[in-house]
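Read through the structure below, which is laid out as structure tokens, and then see the notes.
Owing to the predicted nature of the structure, the values given are computational and were not obtained by experimental measurement. Protein chains get the first letters and strands the later ones, always in sequence-line order, with residue 1 at the start of each.
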Number of protein chains: 2
Amino acid sequence: MKSKVKQRLNVDQRKQAMLMAARELFLAKGYAATNLDEVVAKSGGSLTTLYQIFGNKEGLWRELVLTYGTRVTAPLEDEHLSDGPPRTVLRDFAERLLTLQLNPDVAGGIRIIMAEGKQFPDLSRTIYAAGPMRGRRIVAQYLAREVEHGTLDIPDPALAAEMFCQMVEGDVLLWLACGIGPSWTQADIKRRLDLAVEMFLNTYERKAAV
Amino acid sequence: MKSKVKQRLNVDQRKQAMLMAARELFLAKGYAATNLDEVVAKSGGSLTTLYQIFGNKEGLWRELVLTYGTRVTAPLEDEHLSDGPPRTVLRDFAERLLTLQLNPDVAGGIRIIMAEGKQFPDLSRTIYAAGPMRGRRIVAQYLAREVEHGTLDIPDPALAAEMFCQMVEGDVLLWLACGIGPSWTQADIKRRLDLAVEMFLNTYERKAAV
DNA sequence: AATTTAATGTAATTTAACTTACAAATTGAA
DNA sequence: TTCAATTTGTAAGTTAAATTACATTAAATT
């Protein structure tokens, strides 16, 4: 039970509260099935204020998607790449990538954005570029650098990066999207990540001459 | 321009026509945005007949999903696996799998089913099992057989199968789901498939002793 | 303290689509 | 040819949710 001390908030605070409430509801029920009365009931404030801030339902949706959707991939960014040999770097990255995917909010978000893609195609493109594509590109750039340094031997770093990420992510997205939570133990995850790195390096690590 | 010779069809014929029309509309606009008047306008017949046959909108949706969704994976089935060494078999399978994914109707279908998963969770599970999961399982079983024959050396065939399928499919599903058609040439496809098989066998093919 | 400004609560309006009702038209059988 | 059954066309009923209107109340300013 929440204590219901009524507060009058200013626009900015109320806006944040509404975004938060909308996020939960959209994640739980999807775009069409969420109605604005519920949002207001959850966030506090009033329908009037909601319409003042966001214009309409679509406005609320767009603001929400762009706000949250572009923050998510922060842990994948370049500056978090560890130093060390490719095996270490890739293993670290893989762990961060899978952790991200396993977050139900992330997968749920991608799901809904995909779902509403027909209605808001520009949003799904933006999110795809900021999200899944971002990870691929970071890996590809890293691989390209390693190729220059002579550590790895990769004809097509972009393709290799995609393969690597796919192996790491597995069916997680599809699972969560279908409402099937993956029931993996830590050991399962470790095995998957190790295998992905292993398969990758088996092909691309520079071997001593045969 | 269609010639509009009005035809009175019996229930079965009309049902097929309605399923066909609904399929197109649902694929194009999603579940919520498709209205039944449009379906009838496209299929011919009448709303009355539609309700007699399917009960309501949900009934139409369920029938459609189950009818088409479970037919799709036919080309992946076991009996189409070629004979020959693993390299050949896997390459063939990979080609069929990717071809399937590249079919816009298939990807579009998965997209919508995912989209409506919150409303009809049983459907998305059924389709996941009949679709994506099916392919994984067929590969896993094949791999297990090869392990028994001593051709390959794979500790965890299920995991290996998933990795393989993921490499083959790549981001295609996500792309199409986000409305980004992949613009691959035949050469791109060939490169991807070859690489997937190569990476897989680099790890699992039984090597002559070092 | 009075006044202005901004946020709130509620209810009316509008819209859109699902669903149902019913009369007209067509087919098939007696 | 006539009659029964089935399909069709149209429109009315129902519901649900987005949007708007307006009076009320709390906060901020003078």
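Counting only residues at least two apart or in different chains, side chain to side chain donor-acceptor pair (under 3.5 Å) contacts with residues 104-118 of chain A comprise A/R23-A/D105.
Put simply, the side chain of A/L193 reaches to within 4.5 Å of the side chain of A/E95, judged on heavy atoms.
Here B/E38 pairs with B/K29 under the side-chain hydrogen bond (donor to acceptor under 3.5 Å, both in side chains) rule; sequence neighbours left out. Checked against ring-ring contact (aromatic ring centres under 6.0 Å, His included), B/Y31 has the following partners two or more places apart in sequence or in another chain: B/F26, B/W61, B/F120. Here B/Y142 pairs with nothing under the ring-ring contact (aromatic ring centres under 6.0 Å, His included) rule; sequence neighbours left out.
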Base, backbone or nothing for each nucleotide of nucleotides 12-19 of chain C, written B, S, -, heavy atoms under 4.0 angstrom, 5' to 3'? -----SSB
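The partner of C/dA12 is D/dT19, judged by Watson-Crick or G-U wobble contacts that both fall below 3.5 Å.
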Return the polar atom pairs (N/O with N/O) between nucleotides 24-26 of chain D and the protein under 3.5 Å, or none.
{"from": "D/dT25", "atom 1": "O2", "to": "A/R8", "atom 2": "NH2", "distance (Å)": "3.4"}
{"from": "D/dA26", "atom 1": "O4'", "to": "A/R8", "atom 2": "NH1", "distance (Å)": "3.3"}

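Whole-Å rounding puts the A/L50 CG to C/dA6 C1' distance at 16 Å. For A/F54 and D/dT20, the CZ to P distance is 16 Å, given to the nearest whole Å. One atom, CG of B/N10, and another, C1' of D/dT8, lie 14 Å apart when rounded to the nearest Å. Taking atom CD of A/E38 as the reference point, atom C1' of D/dA18 lies 13 Å away to the nearest angstrom. Atom pair B/D12:CG and D/dT6:P shows a separation of 13 Å (rounding to whole Å applied). As a whole-Å value, the separation of B/I53 CD1 from D/dT8 C1' is 12 Å.
Residue A/R14 places none of its side-chain N or O atoms closer than 4.0 Å to OP1 or OP2 of C/dA6. Close to D/dT8, at under 4.0 Å from its OP1 or OP2, lies a side-chain N or O of B/T49.
Salt-bridge formation is not detected for the pair A/K15/A/D12: no Lys NZ or Arg NE/NH1/NH2 atom is positioned less than 4.0 Å from an Asp or Glu carboxylate oxygen.
B/G45 comes within 4.0 angstrom of the backbone, heavy atoms only, and of no base.
Within 6.0 Å of the CZ atom in B/R96, the count of heavy atoms belonging to other residues, nucleotides or ligands exceeds 12. Open room surrounds CZ on A/R137; 12 or fewer heavy atoms of other groups in view lie less than 6.0 Å from it.
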Take B/Q13 and B/R8 through the test side-chain hydrogen bond (donor to acceptor under 3.5 Å, both in side chains) and record every step on the way to the result. CA-CA 10 Å; B/Q13 297 170 302; B/R8 207 188 173 83; over 6 Å; no
